[in-house]
2 protein chains.
Amino acid sequence: MSVRGRILNAKGDLSEAEAKVADYILKHQQQVLKMTIKQLAKASNSSPASVIRLTKRLDIDSFTTLRILLSSDLTKNHSDPKDNADITKNEQLSSIKEKLLSSALQSIRETTDQVNEDEVDHLVSAIIHSQRLFIFGIGASYLAVENISQKWNRIGYPTVADNDLNALLPKVINAGKNDVLWIISNSGESPEVLLAAQTAKEKGVKVASLTRFGNNSLAKLSDISVHTSQPMESPNRIAATNSLLAQFMLIDIIFYFFVSKSFDKSAKALDASHRVVRDYKQSLLK
Amino acid sequence: MSVRGRILNAKGDLSEAEAKVADYILKHQQQVLKMTIKQLAKASNSSPASVIRLTKRLDIDSFTTLRILLSSDLTKNHSDPKDNADITKNEQLSSIKEKLLSSALQSIRETTDQVNEDEVDHLVSAIIHSQRLFIFGIGASYLAVENISQKWNRIGYPTVADNDLNALLPKVINAGKNDVLWIISNSGESPEVLLAAQTAKEKGVKVASLTRFGNNSLAKLSDISVHTSQPMESPNRIAATNSLLAQFMLIDIIFYFFVSKSFDKSAKALDASHRVVRDYKQSLLK
DNA sequence: CTAAAATTGAATTTTTATTTCAAAGGTAAA
DNA sequence: TTTACCTTTGAAATAAAAATTCAATTTTAG
């Protein structure tokens, strides 16, 4: 995993001094490459000991190794300077393409990079052992809800998808321990989704969430939480777009992991689904 | 210049001991990354002093820098050989991630690459000048329909989104020359979408389509057609997934081109939409 | 309010990088 | 052949950097 991914993943567990170092690294990756521990400690207002503690916490064996990883990351992600540029008036199509492509690639790469394997594992197990799977999300996140719903339906795990709290709550009230409610929310702060989560918890329904990275109320409330990468500082307009792609990427990863884990049942079902849809279309043509 | 390049360039000027170190580095780049000077000296049958003399001769300021350059070189030249592998039983999450990532990046890159600028231009003009925009798609493509609908709604162009022919046809029957029907279909061959296209054409409604690349009936029927890249020969299971990401990427490109072209109206509306949703959430919290 | 645990950076120790330097070997002119 | 003068080399010394220890301090839990 990349240094950036490691840092974002560990963010919650870092002490204050460690977090200062981590922030400095995120913001000055290029410079850190050429720094010694002492310099980095000074630049980030901490101490050499904290720098070392951070590297250990990131599961990197030495500061030297950290620099090597960082160098590799920077080469890999070497993204054009087009970064972070917002869309402007009367722009050329080619310029828009470049901007969107570079930020899309970055989002997708980073999201994949920082997938938390344990959480995905929990989520997949929870779904496999659940009786029913409820999925909830509003606004743009409802697209992710639909996507999840369609995918799991295709492998023989019927789901209940909602984007209306009034429709969801009665179902949740009557749900129980063997059910899972998976909530999608980019910010993790919409009152609607928080209410849904709270209600589910009170009924003993297992709550999973998919949010963007970083502290948010929904993730805190959830039993299981997975994350998309937080776009660096990409402008408002593009950010919304990237979060969708990132959500879809993450869903794909989770879905295919699920398929792989329940292969005998799921893969067969998936192939059968493709076949039945094709046959249906054939019959319509006659 | 890469470390390898530097060494080959300097080859003639190296002393015997320096050459031994240089050879060792060329043959064991990966290991050298993790070695100290002393270890490298021993492994190459020379001395620490010779190692340093070599780095200076290569015009590299320190051994630490040499390692950083080497790390970058290795990353740059490491190409991903994970093409076309399907998901199998009980696979590691990391392996699934790699497969999905590499095929996702490819789809998105290719789709962006082969955007037909003229067609996008036509489509954008048609929408700008239209009275009403109908969007239609079934199955997984309905996610793209919803995505388009939400995006244009946000900039003050209300849309009519459907995934049910029974709901769509009555609307199309009563539509006219100034309306646009945009149909999303990966294959471009579903009977439902072909029927929708035919009906619209008969009523003089302009038909746009978004399909995968290559000959397909829907594209032929359409007045305007845009394409996602045709996945090379990626296996069935992953292909479905990639086509969604590619559709979304293409939609983003078209959308932001649209925003850029109608900037004064759209950008303002977009920002206002973000604001009004935020305010609404604030009010719910009180 | 107190005891235990966690956090922190100064100081120290350990390790690594770099420089120095004397020995060894080579070369060319006398 | 001798001698003076390069060049190369690695052992040893030095300098620098990395990693650890530990006591002081803050935070947390009871």
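A, B, ... follow the sequence lines: proteins, then strands. Residue 1 opens every chain.
The distance from atom CZ of B:Arg57 to atom C1' of D:dT7 is 11 Å, rounded to the nearest whole Å. Distance B:Leu66 CG to C:dT18 C1': 15 Å, rounded to the nearest Å. Atom CE of B:Met35 is separated from atom C1' of C:dT16 by 15 Å (rounded to the nearest Å). When rounded to the nearest whole Å, the span between CD1 of B:Ile60 and P of C:dA17 equals 14 Å. When the C1' atom of C:dA11 is taken as reference, atom CD1 of A:Ile52 falls 15 Å away, rounded to whole Å. Taking atom CG of residue A:Asp13 and atom P of nucleotide C:dT7, one finds them 10 Å apart after rounding to whole Å. B:Leu54 places its CG atom 12 Å from the P atom of D:dT9, with the value rounded to the nearest Å.
Listed by first and then second residue, the side-chain hydrogen bond (donor to acceptor under 3.5 Å, both in side chains) pairs that reach into residues 129-138 of chain A are A:Arg132-A:Asp179, sequence neighbours excluded.
Within 4.0 Å (heavy atoms only), A:Thr64 reaches no atom of the nucleic acid at all. If you check every strand for non-hydrogen atoms under 4.0 Å, A:Lys42 touches nothing.
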Under 3.5 Å, which N/O atoms of the protein pair with N/O atoms of nucleotides 10-17 of chain D?
residue	atom	partner	partner atom	Å
D:dG10	OP2	B:Ser47	OG	3.4
D:dG10	OP2	B:Ser50	OG	3.2
D:dG10	N7	B:Arg53	NH2	3.0
D:dG10	O6	B:Arg53	NH1	3.3

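Regarding contacts with the backbone of C:dT18, every side-chain N or O of B:Lys56 stays at 4.0 angstrom or more from both OP1 and OP2.
At a cut-off of 3.5 Å, with distance as the only test, no side-chain donor of A:Gln198 or A:Glu202 sits close to an acceptor on the other residue. Judged purely by distance below 3.5 Å, without hydrogens or angles, the side chains of A:Asn116 and A:Asp118 never pair a donor atom with an acceptor atom. With no hydrogens or angles considered, no side-chain donor-acceptor pair links A:Thr75 and A:Ser72 at under 3.5 Å.
Residues satisfying the ring-ring contact (aromatic ring centres under 6.0 Å, His included) test with A:Tyr24, not counting sequence neighbours, are A:His28.
Taking the six-membered ring where tryptophan is involved, the planes of A:Phe255 and A:Trp152 are perpendicular, since the angle between them exceeds 60° and thus also 30°.
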